[in-house]
Amino acid sequence: MLLRNARLVAVTEPVPGPVDVRVEGGRVVEVGPGLTAGTGETAYDVAGGWLMPGLWDQHVHLGQWTLASARLDLGPARSREEAVALVRERLEQWPDLPVIGWGHRPTAWPDNPTVSDLDAIGTDQPVVLIAGDGHHGWLNTIALHMLALPIRDSVVSEGEWFQAYGRLAAVVGSDGTGPEAYRRSMEAAAAQGVVGVVDLEFSGGVADWAARWAGGADLIRVRHACYADGLDDVLARGLRSGDPLAGDPRLTMGPLKIISDGSLNTRTAWCCEPYAEKAVPGFEEGQPNQTPAELRDLLARAAAGGLDVAVHAIGDRAVTEALAAFADTGARGGIEHVQLTTRDDVRRMAELGVRASVQPAHLLDDRDVTERLWPGRAERCFPLRWMLDDGVEVVLGSDAPVSPLDPWLAIAAAVHRSGDDREPWHPEQSITAREALAASTDGWGTVAAGHPADLVLLDADPLEGASDREHGLALRGFADNVVATWVAGEPAYERSGTSM
């Protein structure tokens with residue numbers, strides 16, 4: 001394929017004037033003006049469209065994102081009574097179906113949710129309501145039985161919940177995550193310019209992804225992560241990070257994912273100082289999910305097996321402990337979220353070569369909660385400016401479905417740090433539009449020979465604007481400017497009416 005008259009988005013260095021871009025064997029092999037089409041090569045005139053490397057979402061729970069459209073939206077609920085009312089409405093519409101909900105955030109509610117609240121509805125159907133940050137499930141007693149969980153009146157949280165989530169198909173039967181459903185999620189992602197995701201889904205393994213891929217869920221690149229319970233299988237297969245799965249280099253082995261602490265909204269993120277209100281009794285600073293020895297053992301096993309590691313660490317104490325484990329084991333990889341940290345630990349990340357995988361759209365949701373639960377610490381939240389200034393490699397993602405699988409939203413949040421009419425939240429930690437874009441392309445800069453032919457054609461330059469504030473406001477809906485997306489030189493999306 002030869003793309004004629006393309007202007008290159010200056011993700012790193014600018015390239016003056018329109019150029020032609022030749023693609024062969026899934027790679028960009030030549031960039032320059034006036035290239036001649038070879039035998040068997042199809043030429044397309046993109047008429048001055050803007051070409052850039054495809055976008056990556058470095059933190060996705062793809063199965064949950066695929067299911068999200070069919071779930072009861074609990075985001076609007078402002079109390080447990082409102083959430084129960086939404087469940088009642090769903091059961092009135094479909095009394096013979098289980099209720100799977102998503103999105104409630106009870107931190108600001110007057111009272112904590114309880115099992116008895118849902119049992120009082122009086123349904124024979126299981127009810128499973130997943131918190132908006134993914135770190136707990138609020139279930140009725142029927143659902144607790146079906147998931148083989150001990151009976152209690154509180155929510156199921158952290159490690160116990162992540163294990164139970166993998167058994168959710170026992171509640172919902174056909175869970176809507178077959179290859180066709182995954183394919184639809186991939187099509188929606190490609191329409192936004194996404195060419196690849198790091199899939200950190202809680203359930204499933206190598207064999208599941210290979211079967212899904214063979215079933216047609218093969219539109220964009222996927223790096224499949226495993227968790228501790230799947231580590232033995234991955235090591236037994238001799239898989240290292242980057243190895244192809246299912247014989248296709250677009251589907252590869254990703255990192256070992258470790259959830260080392262909890263989340264802000266459940267007050268379980270592990271911090272150096274106590275939560276200001278509604279702390280978990282006995283764990284006023286939050287809590288770790290592993291002992292230091294357990295964390296180091298996992299990192300050491302992954303490193304010995306050639307696996308990168310992705311350590312979930314939201315609180316500043318969790319980040320400190322994760323960095324100590326990286327230093328002690330020599331493991332490679334990154335820290336997911338890095339929501340609250342210190343300047344010294346940012347410098348430590350740079351020294352150790354530990355990557356920061358950050359989901360900037362979370363700052364839009366957590367801005368007010370942070371000021372309540374972590375007062376006086378907000379200037380250390382999502383410290384993207386510190387990270388880049390200190391030389392940390394930063395990559396961006398969504399944590400979908402906690403935030404939408406929308407790289408432009410993540411880019412805009414990193415630049416503008418506000419999702420409403422308020423002034424930016426700690427704008428001193430903002431990064432530029434170019435920096436945010438570069439953190440979203442999996443390390444590939446301005447399109448050049450040797451790059452993978454994972455490309456996005458836009459009808460406008462995402463870096464055009466008088467200021468980064470304007471960029472931040474404009475980029476939020478920039479997916480509307482995507483004309484076409486290619487993965488390994490093959491079309492993954494074409495705007496309706498486009499002939500490519």
Side-chain angles (χ1 to χ4, degrees), residues 59 107 133 135 259-279 283-288 310-327 334-397 399 402-403 410 413-419 422-432 435-436 439 468 472:
H59 189 127
T107 304
D133 60 12
H135 279 252
I259 302 180
S260 77
D261 73 337
S263 70
L264 169 64
N265 282 274
T266 55
R267 285 90 66 203
T268 50
W270 193 23
C271 301
C272 297
E273 302 170 64
Y275 284 78
E277 59 177 77
K278 299 179 72 174
F283 299 97
E284 283 73 17
E285 296 87 15
Q287 62 194 103
V311 180
H312 163 121
I314 286 181
D316 50 0
R317 178 70 182 277
V319 173
T320 297
E321 293 297 324
L323 290 174
F326 273 105
I335 297 180
E336 302 293 320
H337 307 302
V338 205
Q339 187 163 340
L340 174 66
T341 190
T342 66
R343 188 61 182 266
D344 284 345
D345 273 348
V346 170
R347 295 187 179 110
R348 184 74 167 138
M349 291 181 73
E351 292 168 3
L352 293 171
V354 173
R355 181 175 56 249
S357 174
V358 184
Q359 300 74 48
H362 288 350
L363 70 86
L364 308 179
D365 297 323
D366 288 349
R367 176 177 183 167
D368 295 326
V369 175
T370 297
E371 297 290 358
R372 288 178 47 217
L373 299 185
W374 291 342
R377 288 173 262 182
E379 74 279 358
R380 300 189 280 118
C381 289
F382 302 95
L384 294 168
R385 184 72 271 152
W386 283 356
M387 292 176 185
L388 290 181
D389 286 351
D390 288 344
V392 176
E393 179 190 355
V394 175
V395 297
L396 303 185
D399 201 8
V402 180
S403 292
V415 174
H416 186 47
R417 295 181 72 98
S418 181
R422 289 181 290 178
E423 288 297 304
W425 188 47
H426 288 283
E428 70 276 7
Q429 294 290 2
S430 295
I431 61 177
T432 69
E435 289 169 332
D468 280 305

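These values consider heavy atoms only, across backbone and side chains, with no hydrogens, waters or symmetry-generated copies. Quick caveat, the model's predicted, so the values are computed rather than measured. Quick note: residue numbers are just sequence positions, from 1.
- Contacts of D390 classified as side chain to side chain contact (heavy atoms under 4.5 Å, CB included), with partners at least two apart in sequence or in another chain: R343, V346, R347.
- For F326 against G334, the heavy-atom pair with the smallest separation is CZ-O, 3.7 Å.
- Between V358 and F382, some side-chain heavy-atom pair lies under the 4.5 Å cut-off.
- Under the side chain to side chain contact (heavy atoms under 4.5 Å, CB included) criterion, A378 pairs with T370, E371, W425, H426, not counting sequence neighbours.
- For the salt bridge (Lys or Arg N to Asp or Glu O under 4.0 Å) test, residues two or more places apart in sequence or in another chain that qualify with E273 are R380.
- Expressed to the nearest 0.5 Å, how far SG of C272 lies from CG of D345 amounts to 8.0 Å.
- Pairs engaging residues 334-356 under the ring pair (Phe, Tyr, Trp, His ring centres under 6.0 Å) rule: H59-H337, H312-H337 [sequence neighbours left out].
- V338 and A356 make their closest contact through CG2-CB, 4.1 Å (heavy atoms, listed as atom of the first residue, atom of the second, distance).
- Closest non-hydrogen pair, C271 versus L340, comes out as SG-CD2, 4.3 Å.
- Residue L363 holds its CG atom at 9.0 Å from SG of C381, rounded to the nearest 0.5 Å.
- If you take CG on L384 and CZ on R417, they are separated by 6.0 Å, rounding to the nearest 0.5 Å.
- A 4.5 Å side-chain heavy-atom check between E423 and S418 finds every atom pair outside the cut-off.
- Put simply, OH on Y275 and CD on E285 are 9.5 Å apart, with the number rounded to the nearest 0.5 Å.
- Under the 4.5 Å side-chain criterion, counting only non-hydrogen atoms from C-beta, V319 is in contact with L323.
- Under the rule for a side chain to side chain contact (heavy atoms under 4.5 Å, CB included), the partners of E435 that lie at least two apart in sequence or sit in another chain are R385, L388, I431, T432.
- Looking at residues two or more places apart in sequence or on another chain, you find a salt bridge (Lys or Arg N to Asp or Glu O under 4.0 Å) between E277 and R372.
- Minimum interatomic distance between D365 and V402 (heavy atoms only, all atoms of both residues): OD2-O, 4.2 Å.
- Contact detail for A318 and S260: the closest heavy-atom pair is CB-OG, 4.0 Å.
- Note that CD1 of I335 and OG1 of T341 are 7.5 Å apart. Values are rounded to the nearest 0.5 Å.
- The side-chain hydrogen bond (donor to acceptor under 3.5 Å, both in side chains) search around H135 returns E158, not counting sequence neighbours.
- A donor-acceptor pair is defined here as one N or O able to donate and one able to accept, closer than 3.5 Å; such a pair exists between the side chain of R267 and the backbone of N265.
- With sequence neighbours left out, the side chain to side chain contact (heavy atoms under 4.5 Å, CB included) criterion links E351 to R348.
- Taking the side chain as every heavy atom from C-beta outward, T107 and K278 never approach each other to under 4.5 Å.
- Under the rule for a side-chain hydrogen bond (donor to acceptor under 3.5 Å, both in side chains), the partners of D133 that lie at least two apart in sequence or sit in another chain are S263.
- Across all non-hydrogen atoms, the minimal contact from A414 to A436 is CB-CB, 4.3 Å.
- Counting heavy atoms from C-beta outward, E336 and Q359 have side chains that approach closer than 4.5 Å.
- By the salt bridge (Lys or Arg N to Asp or Glu O under 4.0 Å) test, R317 pairs with E321, sequence neighbours left out.
- Using a 4.5 Å cut-off on side-chain heavy atoms (C-beta onward), V415 and S430 make no contact.
- Proximity of L396 to P360: side-chain heavy atoms (C-beta onward) are separated by under 4.5 Å at one or more points.
- Between the CD atom in E393 and the CE atom in M387 there is a gap of 12.0 Å [rounded to 0.5 Å].
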